[in-house]
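In this chain, numbering begins with 1 at the start of the sequence shown. Please read these numbers as outputs of a predicted model, since none were measured by experiment. Only heavy atoms go into these numbers, but all of them, side chains included; no hydrogens, no water, no symmetry mates.
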Amino acid sequence: MRFPFWLVPMTLLAGCTVGPDYRGPVSAGAATPPAAFARADREAVPQAPAAAAWWTALGDPVLDELERRALAGSPSVAIAQARLNQARASLGLERANSLPKANASAVYVHARVPGVDLGSSNQDGGTAGGGSGEDQESLNFYNVGFDASWEIDLFGGQRRNLEAARASLGAAEANLADARVSLAAEVAQAYVALRDRQHRLALARESAEKQRAIYELTAQRRDRGAASTLDVERQRSQVEQSNAAVLPLGAEYDAYRNALATLTGEVPGALDDLLAAPAAVPLPPAEVAVGDPAALLQRRPDVRAAERQLAASTAKIGVAKAAAFPRLSFLGLIGLGGTSIGDVVDPDKLAAVAVPQLSWNFLDFGRNAARVGQAEGARDEAAAQYRSAVLAALRDAEDALSRYGARRQAVVTAARSKASADTSAALVRQRFDAGTATRIELLDTERQRISADQALIQAKAQMTTDFIALEKALGLGWE
């Protein structure tokens, strides 16, 4: 058999890979991040933050337990993990597609065609001509075989497919990390909100009790002629308003208990015992490590996912371009067989076939050019999405830094107001003990103190919530 020397230059082309090589997002026109955050204040230090378990800085063991349960049992993380498993399987499939394909087969054929001499042997071991007519019209055929096929990746289409699958796997890994970041922030924010409502609900009930006491004292004064009916009705209205303020806080408290249960993969009510004991609103540390914008973009999972999608889209251009070039494949067949069962083990019955095949769909009337245009458009879309993700990440971080800095000042203001209310209550208590202030004045001052306490608790909760939003904006909460 003569060797087809025309295959030599074709196989030498197997190292060629068409399509653009991915050189990173900078080649796609990505924005250059600034050297430092513009909205960082003195509490934000430039040290690089730790990527995982930032919530431990809040110093709340219940929150730590909730985060552990959520990361282990949340459906959102399970969904992202399942998608990652799919991406890994897709990469394995692309690797397998670059290897030869092999099949084994075994065949038995019995044919009987009236009026046709099939040349079969008769049952006595003679030739077909010596047998009966029925024997001459039937044939038994036995065969075992093995075939293999392999397409040579002449122009790198399969290599580009493998490159795209690797990039898609990287995007799936980043999406899993992003799901962890979002989940950790949601759990922490719901927990802070629950502690805030828990404390403010208790204070609202206390305030309502003091308001009712004021109303009852005012009614007694009216009965003695020292107050008017108008004064009583005003106090009654205050009682109703105080009672009304309790109801939404109770409903919100229950809603956050339900939220924490579902975020950890439990049914509503499953965490009630864990959350029943009152605890203070957790507070952030005095200083917060924020790093720099360039490190932020490397760390944020959503930005990394967008970059990997850009890499995958770039590789798919090569896949589309490779389809426009010739394809070379090899088919090999090896078989043993004959008209008797013993032929399948007889080396003299071995048949082998090697078939190289060259195919080229050179006249497709622009179909492949259109596919290349689609791939290039998808790459341009992915580049724009990456730039959008970069800008959104920088904006999130700057907004979070600004809000967190302002909220810290709001806590200072609320603390001063609370200190003033405490001083006023103490002074009125001294006057009441000395007989120069009425019980109504004392109760009213106590209500003002409670209101200031509620405002301070709410300000602290909002500050911690903004700290959590900052940690999420920095892309923290995954390992």
Side-chain angles (χ1 to χ4, degrees), residues 43 49-78 80 177-205 246 248-286 288-289 301 396 400 403-404 407-408 410-411 414 453-479:
E43 286 81 15
W54 54 263
W55 51 86
T56 57
L58 297 175
D60 192 308
V62 176
L63 175 59
D64 295 344
E65 174 64 15
L66 291 172
E67 295 285 4
R68 185 194 65 79
R69 293 191 186 188
L71 293 173
S74 172
S76 62
V77 173
D178 192 47
R180 291 177 176 272
V181 169
S182 298
L183 177 64
E186 283 188 72
V187 170
Q189 288 174 340
Y191 179 75
V192 170
L194 178 135
R195 292 308 186 195
D196 169 59
R197 300 312 190 275
Q198 190 179 53
H199 280 277
R200 289 201 288 134
L201 178 60
L203 291 172
R205 288 169 175 165
V246 172
L249 289 173
E252 291 172 8
Y253 174 66
D254 290 340
Y256 286 117
R257 288 194 295 177
N258 296 338
L260 287 169
T262 55
L263 286 171
T264 56
E266 301 284 350
V267 297
L271 301 181
D272 287 358
D273 292 340
L274 178 64
L275 302 171
V281 172
L283 298 178
V288 181
D396 284 350
R403 284 194 299 267
Y404 180 60
R407 199 70 72 182
R408 291 177 73 96
V411 170
D453 199 5
Q454 285 181 308
L456 178 59
I457 290 173
Q458 188 172 14
K460 288 180 178 180
Q462 290 172 342
M463 179 184 67
T464 305
T465 298
D466 286 334
F467 166 77
I468 295 167
L470 175 59
E471 298 299 282
K472 179 182 178 183
L474 293 175
L476 306 177
W478 57 275
E479 295 183 359

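- At a cut-off of 3.5 Å, with distance as the only test, a side-chain donor of Asp60 or Tyr191 sits close to an acceptor on the other residue.
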Exercise. Could you walk me through whether Glu252 and Leu201 pass side chain to side chain contact (heavy atoms under 4.5 Å, CB included), step by step?
Key: CA-CA 10 Å; Glu252 291 172 8; Leu201 178 60; over 6 Å; no

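- Summarising the geometry of Ala461 relative to Asp196, their closest heavy-atom pair is CB-CB, 3.6 Å, with the distance given to 0.1 Å.
- Listed for the Thr56 side chain is a donor-acceptor partner under 3.5 Å among the backbone atoms of Ala53.
- His199 places no side-chain N or O within donor-acceptor distance of the main-chain N or O of Asp453, the cut-off being under 3.5 Å.
- No side-chain donor-acceptor contact under 3.5 Å links Ser74 to the backbone of Leu71.
- Here the shortest heavy-atom pairing between Ala204 and Leu249 reads CB-CD1, 3.8 Å.
- Heavy-atom minimum distance, Ala261 versus Gly269: CB-N, 4.4 Å.
- In terms of heavy atoms, Pro284 sits closest to Thr464 at CD-OG1, 3.5 Å.
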Self-check item: Test side chain to side chain contact (heavy atoms under 4.5 Å, CB included) applied to Val192 and Ile468, step by step
Solution: CA-CA 10 Å; Val192 170; Ile468 295 167; 3.9 Å; yes

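- At a threshold of 4.5 Å between non-hydrogen side-chain atoms, the residues Leu283 and Met463 count as touching.
- Here the CG-CG distance, from Leu63 to Leu194, works out to 11.0 Å after rounding to the nearest 0.5 Å.
- Defined by atom type and a distance below 3.5 Å, a donor-acceptor pair is missing between the side-chain atoms of Arg200 and Gln454.
- At a threshold of 4.0 Å, the pair Asp64-Arg68 does not count as salt-bridged, since none of the basic side-chain nitrogens sits closer than that to a carboxylate oxygen.
- Summarising the geometry, atom CG belonging to Asp466 is positioned 8.5 Å from atom CD belonging to Gln189; distances are rounded to the nearest 0.5 Å.
- Taken to the nearest 0.5 Å, the CG atom of Leu274 stands 10.5 Å off from the CD atom of Glu266.
- Minimum interatomic distance between Ala414 and Ala455 (heavy atoms only, all atoms of both residues): CB-O, 4.3 Å.
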Self-check item: Full working for side chain to side chain contact (heavy atoms under 4.5 Å, CB included) between Leu271 and Arg257
Solution: CA-CA 7 Å; Leu271 301 181; Arg257 288 194 295 177; over 6 Å; no

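- Using a 4.5 Å heavy-atom cutoff, the side chains of Leu476 and Val181 are not in contact.
- Ala70 and Val187 get closest at one heavy-atom pair: CB-CG2, 3.6 Å.
- Ring geometry, Phe467 versus Trp54: the interplanar angle exceeds 60°, so the pair is classed perpendicular (tilted spans 30 to 60°).
- Residue Glu186 holds its CD atom at 7.0 Å from OG of Ser76, rounded to the nearest 0.5 Å.
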Practice problem: Go through Leu263 and Leu66 one step at a time and tell me if the side chain to side chain contact (heavy atoms under 4.5 Å, CB included) criterion holds. | Solution: CA-CA 9 Å; Leu263 286 171; Leu66 291 172; over 6 Å; no

